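These notes concern the structure reproduced below.
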Amino acid sequence: MEFLKDENFLVKHKDKNIFLMVSHIWAFVVWEIERMRGNIKEGSTLFHVDTHLDDVPELIENNKIYELSNEDDVVKFAKHEGNLELRIDNFIFPSFVRDTINHIYYISNTENEREFNQNHIDMKAITMAGEGENIYLDRNDTTSDYTLIKLYEILKGKDKTIQRLKGVEELDLIDLKKLKGDKILDLDLDYFNNSTLWKTAELKNEEVIISNLKKLKGFTEWDLITVALSPSFCGEDDDCLFLLNLFLNTFEVSISDFEYYL
């Protein structure tokens with residue numbers, strides 16, 4: 001259980017492209033390094049299954065993200081502390097503007113009303129801002145029109161999409177034949193916690209959790225799977241371990257088959 005206190009904990013299954021991490025920031029590191037190693041291609045499609053959107057776009061204003069050219073650069077960037085650093089709420093857009101990811105599906109927990117009611121940033125909002133229209137996004141961060149305009153300038157002319165689903169159940173609405181690029185499942189175990197309080201568990205029914213995990217597993221042949229344990233957002237450590245074991249059992253992997261990635 002001590003590993004749950006290690007924010008740098010990051011392991012990979014020895015035979016499968018499944019990664020476990022305590023802090024969700026390491027998903028960015030995995031996506032970028034795996035692209036550099038040729039294990040996923042530029043222009044992947046991301047399915048972000050999480051109670052939180054994690055779509056704060058501020059890091060697009062940090063020029064360093066455009067200069068990352070090797071694995072050491074990526075790891076150093078993740079470990080940097082200071083202004084505009086990588087955090088658990090802003091790690092998606094860096095891979096979006098670097099073109100590692102071209103298409104995003106946010107899969108949100110509708111039973112966590114506070115988080116679900118937050119508006120996500122989509123291509124419509126980005127385009128409206130870029131074309132000079134006044135927009136208002138009801139969000140609890142400091143996303144500005146200036147940032148959205150810069151996003152528009154970066155992404156203009158590129159094949160980019162951002163969509164949001166109301167829960168894992170809405171995966172049935174997606175036409176698999178229309179998905180583009182490699183497919184990445186990015187799961188935060190806190191998706192299964194309905195509580196809005198820090199270190200407080202209000203977990204979904206076990207049967208529902210297992211059903212959701214089975215749907216995720218069988219949805220497609222995933223090219224890459226990143227799983228954030230996020231213990232404090234799952235409740236207590238025991239709640240996190242309970243959810244982790246359900247994931248391991250459903251995806252038919254053993255914790256003993258994971259090795260440190262970096």
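Each residue takes its place number in the sequence, starting with 1. Bear in mind the structure is a predicted one, so any value in this text is a computation, not a measurement.
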Mind checking whether W198 and I88 sit in one hydrophobic cluster, side chains of I, L, V, M, F, W, Y counted as touching below 4.5 Å? yes
Quick one: which residue pairs count as a salt bridge (charged side-chain N to carboxylate O under 4.0 Å, His left out) with a foot in residues 6-25, not counting sequence neighbours? K14-D257
In this structure, would L243 and L241 fall into the same cluster of hydrophobic residues linked by side-chain contacts under 4.5 Å? yes
Find out whether N90 and D55 are in side-chain contact, i.e. whether some heavy atom of one side chain is under 4.5 Å from a heavy atom of the other. no
Which distance, rounded to the nearest 0.5 Å, do you find between the CD1 of I162 and the CG of L46? 10.5 Å
Can you tell me how far the CG atom of N70 sits from the CD1 atom of I33, to the nearest 0.5 Å? 9.5 Å
So that I know where these two stand, are H48 and H24 an aromatic pair - ring centroids less than 6.0 Å apart? yes
Linking I/L/V/M/F/W/Y whenever their side-chain heavy atoms sit closer than 4.5 Å, directly or via other members, would V208 and L187 fall into one cluster? no
Show your reasoning for whether salt bridge (Lys or Arg N to Asp or Glu O under 4.0 Å) applies to K64 and D73. CA-CA 9 Å; K64 289 183 179 178; D73 285 348; over 6 Å; no
Closest heavy-atom pair, S108 versus L53, reported as atoms and distance to 0.1 Å, is OG-CD2, 4.2 Å
Using a 4.5 Å cut-off on heavy atoms from C-beta on, say whether the side chain of N8 contacts that of W26. yes
Between F116 and R164, is any pair of side-chain heavy atoms under 4.5 Å apart? yes
May I ask you to say whether E42 pairs ionically with R98, meaning some side-chain N is under 4.0 Å from a carboxylate O? no
Non-hydrogen side-chain atoms of D239 and F192 separated by less than 4.5 Å: no
Applying side-chain hydrogen bond (donor to acceptor under 3.5 Å, both in side chains), which residue pairs with at least one partner in residues 166-181 are found, sequence neighbours left out? D159-K180, E169-N212, D172-K215
Taking atom types as modelled, find out whether N39 and N17 have a side-chain donor-acceptor pair closer than 3.5 angstrom. no
Using 0.5 Å steps for rounding, measure from the OG atom of S44 to the CZ atom of F96. 12.5 Å
Please report the shortest heavy-atom distance between N112 and S195, naming the atom on each side. ND2-O, 3.1 Å
Pairwise distance CG(D190) to CG(N194) - rounded to 0.5 angstrom: 10.5 Å
Worked verdict on D89 versus H52 for side chain to side chain donor-acceptor pair (under 3.5 Å): CA-CA 8 Å; D89 63 353; H52 310 91; over 6 Å; no
So, using ring pair (Phe, Tyr, Trp, His ring centres under 6.0 Å) as the criterion, who are the partners of F242 when residues are at least two apart? none
Can you tell me how far apart CG (L155) and OG1 (T127) are? Round to the nearest 0.5 Å. 8.5 Å
Transitive ILVMFWY side-chain link L173 to F47, under 4.5 Å: no
Excluding sequence neighbours, so at least two apart, what forms side-chain hydrogen bond (donor to acceptor under 3.5 Å, both in side chains) with K5? D237
Going from CG on D182 to CZ on R35, what distance comes out if it is rounded to the nearest 0.5 angstrom? 11.5 Å
Does a side-chain heavy-atom distance below 4.5 Å link V11 with F3? no
Are a donor atom and an acceptor atom from the side chains of T147 and E61 found within less than 3.5 Å of each other? yes
When you compare the side chain of I104 with that of I92, does any pair of heavy atoms fall below 4.5 Å? yes
Linking I/L/V/M/F/W/Y whenever their side-chain heavy atoms sit closer than 4.5 Å, directly or via other members, would L59 and I149 fall into one cluster? no
N/O donor-acceptor pair under 3.5 Å between Y66 side chain and I60 backbone: yes
Do we see a donor-acceptor contact under 3.5 Å between the side chains of E32 and T100? yes
Heavy-atom distance under 4.5 Å between the side chains of L171 and Y105, does that happen here? no
Closer than 3.5 angstrom, by distance alone: can the side chain of K214 be matched with the main-chain N or O of I209 as a donor-acceptor pair? no
Can you run down the salt bridge (charged side-chain N to carboxylate O under 4.0 Å, His left out) pairs that involve residues 197-207, sequence neighbours left out, and say none if there aren't any? E111-K204
Validation row: F93, D54 side chains within 4.5 angstrom (heavy atoms): no
Could you pull out every donor-acceptor pair under 3.5 Å between side chains of residues 218-236 and any protein atom, sequence neighbours left out?
{"residue": "W222", "atom": "NE1", "partner": "L216", "partner atom": "O", "Å": "2.8"}
{"residue": "D223", "atom": "OD2", "partner": "K183", "partner atom": "N", "Å": "2.8"}
{"residue": "T226", "atom": "OG1", "partner": "W31", "partner atom": "NE1", "Å": "3.4"}
{"residue": "T226", "atom": "OG1", "partner": "D186", "partner atom": "OD1", "Å": "2.7"}
{"residue": "S230", "atom": "OG", "partner": "D188", "partner atom": "OD1", "Å": "3.0"}
{"residue": "S230", "atom": "OG", "partner": "D188", "partner atom": "OD2", "Å": "2.9"}

